[in-house]
2 protein chains.
Amino acid sequence: MTEEPTTRDRLVLAATRLFRQRGYDGTGLTEILTEAGVPKGSLYHHFPDGKADLACAAADWTASEIIRVIDDSFRAAPDWRQGITTFCYKMAKLFDILNSADACPIFGLLFEGPDHDRFRAQAERSLDRIIAAAARYGEGLGMPPETAQDAAETFIIGFQGSWTLARTRRKSDVLRGLPARLYGPTM
Amino acid sequence: MTEEPTTRDRLVLAATRLFRQRGYDGTGLTEILTEAGVPKGSLYHHFPDGKADLACAAADWTASEIIRVIDDSFRAAPDWRQGITTFCYKMAKLFDILNSADACPIFGLLFEGPDHDRFRAQAERSLDRIIAAAARYGEGLGMPPETAQDAAETFIIGFQGSWTLARTRRKSDVLRGLPARLYGPTM
DNA sequence: AAAAGACTAGACCGATTGGTCTAATCATGC
DNA sequence: GCATGATTAGACCAATCGGTCTAGTCTTTT
């Protein structure tokens, strides 16, 4: 049988979804609590620093999700470009599911709030985890470490920019077109 | 003698700066008013819709500023890559001036607030103005219109992604490295 | 079964939010 | 010098903000 999700998990999930849609400052604690079906006392028990803790947990959770998609995309990929392409198509599908409107699941939440530098550091950590995951697949496909790191960074830059443009235009095809922009058209 | 800036201009300028630093929801009206040295009544006279109007004006103003930098970068550029490179260096300098911390002056403010779709439309308009400005220079340098549009979009995607990564890592060199990522290393 | 700590529950708090409204002041045309 | 519309000035408002705190309920250990 399916496990009942813990109070903590319900909080993180609700917070992730709401932060993605309305941003950190745009989301009220009450809203998160209502959505999660959790009283205020529980929040401050699991996350003593309240909203800020919750945001960091949401960022961590999101990074892990993205890495999971990277894993799924590269596991059977014969080369780097194919892995990236699969990733972009998967994310385009997710984009469509999310109403074409949500913030990039990884950055959106991390440049707001009073605790600016704590959030920046958290974003850097999450981002580096993602880049490292991609770079590892680059190395596995024969790239020297430095090249792999560089390729992974270029990919993340392109993905971040594409997601933003896709969101602005409400067109997931922007995401699907990224590999052609980065590596030229397929012959 | 230098003209005293109008009340309206002081409002837009203060709002732009604050939205860039703290985001739309993270910035209070009082804060903007204090910084601009303007009472509340004046705000609602010049911007009947209040904060939302102000955000749109700030986005417009920012787009114009970016287009001015594009103009400065391409005016004397012998080719596309040189224009982009100059732009990236100029923006890297701006990035350093801005404490390496501000949101991308164009997108940061536009995916928050209650009036989601109005903001999205405003972002699209501002972004299209910027892309069109860049594409025009591409055509002037001999590209067919379609190619120029595509090159301009790729450039904006890369720039947006690079700005975000630069912000996360607090390193303006990410911006300076963009041309090499997009067009290969210079020989 | 009693004690202890983990966890839930929500009333309550001062501060701040964006926005409204009235009164005063300014500039300008007659 | 008077009238008129544009603009400034800021007191005031209900609603919401994130956070604290006390009381109560579980679960686990002994």
Side-chain angles (χ1 to χ4, degrees), chain A residues 3-59 108-119 122, chain B residues 3-59 108-119 122:
Chain A
E3 284 287 325
E4 183 80 6
T6 66
T7 301
R8 206 194 121 96
D9 285 347
R10 269 185 296 141
L11 277 171
V12 174
L13 226 64
T16 303
R17 207 181 64 76
L18 285 165
F19 285 155
R20 218 162 46 197
Q21 286 182 348
R22 313 197 220 298
Y24 180 82
D25 290 310
T27 305
L29 273 192
T30 321
E31 215 173 348
I32 299 175
L33 262 13
T34 304
E35 164 124 357
V38 161
K40 222 166 222 182
S42 303
L43 166 63
Y44 284 90
H45 173 75
H46 292 287
F47 301 94
D49 258 354
K51 208 184 178 186
D53 270 351
L54 209 41
C56 289
L109 23 141
L110 284 174
F111 286 105
E112 304 177 72
D115 218 342
H116 189 102
D117 203 64
R118 176 177 174 200
F119 281 8
Q122 171 69 53
Chain B
E3 284 288 323
E4 183 79 7
T6 65
T7 301
R8 191 179 189 280
D9 285 347
R10 268 184 296 141
L11 276 171
V12 174
L13 227 65
T16 302
R17 205 181 66 76
L18 285 165
F19 284 156
R20 217 162 46 198
Q21 287 182 347
R22 313 198 219 296
Y24 180 81
D25 290 309
T27 306
L29 273 192
T30 322
E31 215 174 348
I32 299 175
L33 263 12
T34 304
E35 164 123 356
V38 161
K40 221 167 222 183
S42 303
L43 166 64
Y44 282 90
H45 173 76
H46 293 288
F47 301 94
D49 258 355
K51 208 185 180 188
D53 269 352
L54 209 42
C56 289
L109 22 141
L110 285 173
F111 286 104
E112 304 176 73
D115 217 343
H116 188 101
D117 202 64
R118 175 176 175 199
F119 281 9
Q122 172 69 51

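Numbered from 1 within each chain, the chains take letters A, B, ... in sequence-line order.
- Rounded to an integer number of Å, the gap from A:Tyr44 OH to C:dA11 C1' is 15 Å.
- Between the CZ atom of B:Arg8 and the C1' atom of D:dA6 there is a distance of 15 Å, given to the nearest Å.
- Side-chain N/O atoms of B:Thr30 include none lying less than 4.0 angstrom from OP1 or OP2 on C:dT16.
- In this structure, CG of A:Leu43 is placed 15 Å from P of C:dG10, rounded to the nearest angstrom.
- Considering A:Val38, A:Val12, A:Leu43 in turn, A:Val38 is the only one that fulfils the side chain to side chain contact (heavy atoms under 4.5 Å, CB included) rule with A:Thr7.
- Computed from coordinates, the A:Asp9 CG to C:dC7 C1' distance equals 15 Å when rounded to whole Å.
- Residues A:Ala52 and A:Arg118 come closest through the heavy atom pair CB-NH1, 3.4 Å.
- Heavy atoms of B:Thr27 sit under 4.0 angstrom from primed sugar atoms or phosphate atoms, though from no base atom.
- Computed from coordinates, the B:Leu11 CG to D:dA9 P distance equals 11 Å when rounded to whole Å.
- Here the side chain of A:Leu29 is nearest to one of D:dA11, C:dT8, D:dG19, namely D:dG19.
- Contact annotation: B:Lys51 reaches the phosphate of C:dG18 (side-chain N/O to OP1 or OP2, under 4.0 Å).
- A pairwise comparison of heavy atoms in A:Phe119 and A:Leu110 identifies CB-O, 3.5 Å as the closest pair.
- Rounded to whole Å, atom P of C:dT25 lies 18 Å from atom NE2 of B:His45.
- Mapping B:His46 and A:Pro48 onto DNA chain D by nearest heavy atom places B:His46 at the nucleotide closer to the 5' end.
- Within the 4.0 angstrom heavy-atom criterion, only backbone atoms of the sugar-phosphate kind lie near A:Gly28; the bases stay farther away.
- In this structure, A:Thr7 reaches the C:dT8 phosphate: one of its side-chain N or O atoms is under 4.0 Å from OP1 or OP2.
- Taking the six-membered ring for Trp and thresholds of 30 and 60 degrees, B:Phe19 and B:Tyr24 have ring planes inclined between 30 and 60 degrees apart.
- Rounded to whole Å, atom C1' of D:dG18 lies 16 Å from atom CG of A:Leu18.
- Minimum heavy-atom separation, B:Thr16 to B:Ala58: OG1-CB, 3.3 Å.
- Among the nucleotides D:dT8, C:dA9, D:dT20, the one closest to the side chain of B:Pro39 is D:dT8.
- When rounded to the nearest whole Å, the span between NZ of A:Lys40 and P of C:dA11 equals 11 Å.
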